[in-house]
Amino acid sequence: MDDNRRHLLAKVAYLYYIQGRTQSQIATELNIYRTTISRMLQQARQQHIVTIQIEDFNPQLFNLEEKLKQRFNLKNVIG
């Protein structure tokens, strides 16, 4: 990936995750289709330009919630 593309991915990610702009706003500003913005955000995650960390994350609890939802056909389970 060339430096220009990587810079553009970082800029899109910055506008979306840090500045809180919508994909549509970014698309308008950069004159790019909104669907392209969505793909660029995904690519930024795949290229490790963006990493997402969830605080207070208990994967075992979330896994149990999912199993209970499926087993008892529930819409939501709060752990």
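Worth saying up front: this structure is predicted, and the values here are computed from it rather than measured. Basis for what follows: all heavy atoms, side chains included, without hydrogens, waters or symmetry-related copies. We count residues from 1, following the sequence as given.
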From [atom1] ([X]) to [atom2] ([Y]), nearest 0.5 Å:
X	Y	atom1	atom2	answer
Asn4	Leu9	CG	CG	11.0 Å
Leu8	Gln43	CG	CD	9.5 Å
Ile37	Leu30	CD1	CG	5.5 Å
Gln70	Glu65	CD	CD	12.5 Å
Ile26	Lys11	CD1	NZ	10.5 Å
Leu61	Ile78	CG	CD1	11.0 Å

I need the full list of salt bridge (Lys or Arg N to Asp or Glu O under 4.0 Å) pairs touching residues 30-54, with sequence neighbours left out, sorted by first then second residue.
none
Hey, could you give me each pair passing salt bridge (Lys or Arg N to Asp or Glu O under 4.0 Å) that has a residue in residues 15-31? Not counting sequence neighbours.
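Every salt bridge (Lys or Arg N to Asp or Glu O under 4.0 Å) pair that includes a residue of residues 15-31, provided the two are not neighbours, is Arg21-Glu29.
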Where the side chain of Thr36 meets the backbone of Ile32, is there a donor-acceptor pair that is under 3.5 Å apart?
no
Counting only heavy atoms not in Gln46, do more than 12 sit closer than 6.0 Å to its CD atom?
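It does: Gln46 CD has more than 12 such atoms within range.
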So with a 6.0 Å cut-off around CG of Asp3, is the heavy-atom count from everything else above 12?
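It does not: Asp3 CG has 12 such atoms or fewer within range.
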Heavy-atom check, side chain of Arg5 versus side chain of Met40, under 4.5 Å:
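Yes; the side chains approach each other to less than 4.5 Å.
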For Leu64, enumerate each residue passing the side-chain contact (heavy atoms from CB on, under 4.5 Å) test, keeping only those at least two apart in sequence or located in another chain.
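Here the qualifying residues are Leu68.
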Give the intermediate values and the outcome of side chain to side chain donor-acceptor pair (under 3.5 Å) for residues Gln25 and Gln23.
CA-CA 5 Å; Gln25 289 170 327; Gln23 292 181 18; over 6 Å; no
Pairs flagged by ring-ring contact (aromatic ring centres under 6.0 Å, His included) wherever residues 39-58 is involved - sequence neighbours left out:
Phe57-Phe62
Restricting to pairs with a member in residues 1-38, which pass ring-ring contact (aromatic ring centres under 6.0 Å, His included), not counting sequence neighbours?
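Sorted pair list comes back empty.
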Which atom names give the shortest non-hydrogen contact between Ala13 and Val50, and what distance separates them?
CB-CG2, 3.3 Å
Shortest non-hydrogen separation from Arg6 to Gln47 and the atoms involved
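Smallest heavy-atom distance, with atoms named: NH1-O, 3.8 Å.
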Restricting to salt bridge (charged side-chain N to carboxylate O under 4.0 Å, His left out), what partner residues turn up for Lys67, sequence neighbours left out?
none
